[in-house]
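What you see below is based on every heavy atom in this structure, not just the backbone, and it leaves out hydrogens, waters and symmetry mates. Note that the structure is a prediction, hence the values are computed from the model and not measured.
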Amino acid sequence: MEVQQLQDVLFTTAAPDNNNISYRENLIGTLLAIFGHFVVSIALNLQKYSHVRLAGFKDSRSYFKTKTWWSGLFLMIIGEIMVFSSYAFAPLSLIVPLSAVSLIASSLIGIIFIKEKWKPKEFFRRYILSFVGCGLTIIGIYLLVTFGPNSHEKMTGDVIVKHLVSWPFLVYTLVEILVFCSLLYFYKQKNANYLIVILLLVALLDSTTVVAVKAVAGMIVVSIQGTMQLGYPIFYIMFVCMVATAIAQASYLSQASQLYDYALIASVNYILSTSIAICAGAIFYVDFLGEDVLHLCMFSLGCLLAFLGAFLITRTGKKKKTFEPYVTMSSLPAGLQSMYDNGNAVQPEFGSFSYGALQNNDMSEMYSPATLPVVNEEASPAPPYKTLDHNKTE
């Protein structure tokens with residue numbers, strides 16, 4: 001009887017301690033992710049400020065010779081290390097949605113450092129969506145942190161291998177490979193350069209990246225704590241997978257940025273990458289095992305609010321104006337406009353960007369308005385055209 005009572009006391013006191021440790025690890029991972037994304041946003045804006053400053057003052061120095069650019073690089077390294085370390089403490093499904101902090105920080109930094117002077121009404125009208133988006137995203141992040149998963153597991157080599165060969169993850173991997181190959185076929189062979197296609201490729205790669213990042217970061221932390229894990233082959237497999245998928249993501253994002261607006265890319269990429277990454281974390285690391293319905297519903301609500309907020313934040317970005325290959329009549333002299341259709345555009349030949357003597361490979365003159373030669377009537381006594389007599393003589 002005394003032994004049974006001792007066991008009851010030990011179990012009842014151990015359970016709260018384990019819960020406290022798990023919540024403390026969640027808090028550490030959450031704070032690392034939030035501050036890491038915030039520091040990365042500051043770093044990117046510092047580097048952008050360095051480029052703009054050099055261009056504005058027509059400075060001949062290279063950007064990597066300025067202290068501002070190097071300061072941004074230093075802060076970016078620190079921020080990325082903080083985000084990387086956060087995966088070792090908190091569940092993957094909790095850390096991934098917190099990347100919305102970078103959108104909030106970039107939006108606020110852009111408003112603070114804006115150079116134009118706005119009247120209060122115009123400023124409110126222009127940035128109302130951004131402020132509403134920031135508010136919704138903050139509420140969503142609060143719900144994510146409060147009702148997020150609380151599953152914790154030491155990332156040893158044996159645990160990673162066990163999750164890697166589990167049948168739910170094998171089925172998920174098979175489906176992901178089939179979808180990725182199908183999207184890649186349509187993108188490369190059918191020239192389906194749609195934004196949703198490119199960013200789905202990025203999101204599928206990102207889900208693999210974050211799974212590998214958590215495995216690598218977790219095994220490094222366990223090794224630092226005293227149990228060496230760097231001798232397992234799975235560590236190096238995950239490390240190579242992490243680097244390869246990250247490089248592939250950067251390549252596809254670069255291709256998307258050449259075709260679409262950066263603000264639209266940021267919002268859609270956040271929504272797709274976060275959704276697929278949460279699914280990957282729920283299957284590979286079983287993040288939501290044992291969670292009740294209330295926590296699942298509130299976590300889903302937090303994700304929806306964060307998605308909506310990210311979409312509204314990026315709505316204030318300026319859209320790029322594409323080049324329109326035509327010449328308007330407003331660019332012609334007044335005397336020649338009446339010779340053509342009033343105000344209509346003169347279109348070039350189909351599939352060509354050449355106007356008259358302008359060659360296709362002459363890109364320097366493409367963006368200047370084309371003009372037709374003007375004949376000076378005062379210089380030549382004879383008219384530059386022949387008048388036809390339509391009077392019929394019998």
Discussion item. Does anything in residues 31-40 form a side chain to side chain donor-acceptor pair (under 3.5 Å)? List the pairs, not counting sequence neighbours.
Written reply: none
Worksheet entry | Pairs flagged by side chain to side chain donor-acceptor pair (under 3.5 Å) wherever residues 281-303 is involved - sequence neighbours left out | Ser93-Asp287, Asp292-His295
Just by modelled atom types, is the [Y] backbone N or O under 3.5 Å from a matching donor or acceptor in the [X] side chain?
X      : Y      : result
Ser107 : Leu103 : no
Ser254 : Ala250 : no
Ser251 : Ile247 : no
Ser267 : Phe311 : no
Gln229 : Thr156 : no

Got a second to check how far [X]'s [atom1] is from [Y]'s [atom2], nearest 0.5 Å?
X      : Y      : atom1 : atom2 : result
Ser50  : Asn45  : OG    : CG    : 12.5 Å
Gln47  : Thr66  : CD    : OG1   : 9.0 Å
Met228 : Ile220 : CE    : CD1   : 10.5 Å
Trp167 : Leu170 : CH2   : CG    : 10.0 Å
Ile95  : Thr274 : CD1   : OG1   : 12.0 Å
Thr173 : Leu178 : OG1   : CG    : 11.0 Å

Scan the side chains in residues 198-214 for donor-acceptor partners under 3.5 Å anywhere in the protein, sequence neighbours excluded, and list what turns up.
residue, atom, partner, partner atom, Å
Ser207, OG, Glu176, OE2, 3.0
Ser207, OG, Leu204, O, 2.6
Thr208, OG1, Glu176, OE2, 3.3
Thr208, OG1, Leu204, O, 3.4
Thr209, OG1, Leu205, O, 2.9
Thr209, OG1, Thr245, OG1, 2.6
Thr209, OG1, Gln249, NE2, 2.8
Lys214, NZ, Tyr87, O, 2.8
Lys214, NZ, Ala90, O, 3.1

Mind checking what makes side-chain hydrogen bond (donor to acceptor under 3.5 Å, both in side chains) contact with [X], not counting sequence neighbours?
X      : value
Ser273 : Asn269
Glu153 : His163
Tyr232 : none
Asn191 : none

Worksheet item: Would you find more than 12 non-hydrogen atoms of other residues, nucleotides or ligands less than 6.0 Å from Phe147 atom CZ?
Response: yes
Worksheet item: Any chance CZ of Phe35 has more than 12 other-residue heavy atoms, nucleotides or ligands included, within less than 6.0 Å?
Response: no
Say whether [X] and [Y] are linked into one hydrophobic cluster, either directly or through other cluster members, by side-chain heavy-atom distances under 4.5 angstrom.
X      : Y      : answer
Tyr185 : Val179 : no
Leu92  : Ile276 : yes
Val161 : Val221 : no
Ile313 : Leu44  : no
Ile34  : Leu75  : yes

Quick one, [X] and [Y] - any side-chain contact, counting heavy atoms below 4.5 Å?
X      : Y      : result
Leu195 : Ile265 : yes
Tyr142 : Ile139 : no
Leu312 : Phe131 : no
Leu301 : Cys297 : no
Met219 : Ile234 : yes
His152 : Asn26  : yes

Heavy-atom pair of closest approach, residues [X] and [Y]:
X      : Y      : value
Ala192 : Tyr187 : O-CD1, 3.6 Å
Ala310 : Tyr270 : CB-CD2, 3.6 Å
Gly133 : Thr137 : O-OG1, 2.7 Å
Ala277 : Val96  : CB-CG1, 3.7 Å
Gly302 : Leu143 : CA-CB, 3.8 Å
Leu98  : Ala33  : CD1-CB, 3.9 Å

Worksheet item: Going through the checks in order, is the side chain to side chain contact (heavy atoms under 4.5 Å, CB included) test met by Cys303 and Ile278?
Response: CA-CA 10 Å; Cys303 289; Ile278 290 175; 3.8 Å; yes
Worksheet item: With a cutoff of under 4.5 Å between side-chain heavy atoms, which Ile, Leu, Val, Met, Phe, Trp and Tyr residues group with Val286?
Response: Leu289
Practice prompt. Please go through Val240's hydrophobic cluster and name the other residues, only I, L, V, M, F, W, Y counting, with side-chain heavy atoms under 4.5 Å joining them.
Written response: none
Worksheet entry | Residues which pass ring pair (Phe, Tyr, Trp, His ring centres under 6.0 Å) with Phe288, listed by chain and number, not counting sequence neighbours | Phe299
Worksheet item: Partners of Phe235 by ring pair (Phe, Tyr, Trp, His ring centres under 6.0 Å), sequence neighbours excluded?
Response: none
Practice prompt. Begin with the C-alpha distance, continue with both residues' side-chain angles, and end with the deciding distance and a verdict on side chain to side chain contact (heavy atoms under 4.5 Å, CB included) for Met238 and Ile160.
Written response: CA-CA 10 Å; Met238 286 294 186; Ile160 299 298; 3.8 Å; yes
Practice prompt. Any salt bridge (Lys or Arg N to Asp or Glu O under 4.0 Å) involving residues 218-239? Give me the pairs, sequence neighbours left out, ordered by first then second residue.
Written response: none
Discussion item. Evaluate Leu32 against Phe84 for side chain to side chain contact (heavy atoms under 4.5 Å, CB included), listing each step before the verdict.
Written reply: CA-CA 9 Å; Leu32 284 173; Phe84 178 81; over 6 Å; no
Worksheet item: How far apart are the C-alpha atoms of Tyr236 and Leu230, what are their side-chain angles, what is the distance that settles it, and do they pass the side chain to side chain contact (heavy atoms under 4.5 Å, CB included) test?
Response: CA-CA 8 Å; Tyr236 301 97; Leu230 304 185; 4.2 Å; yes
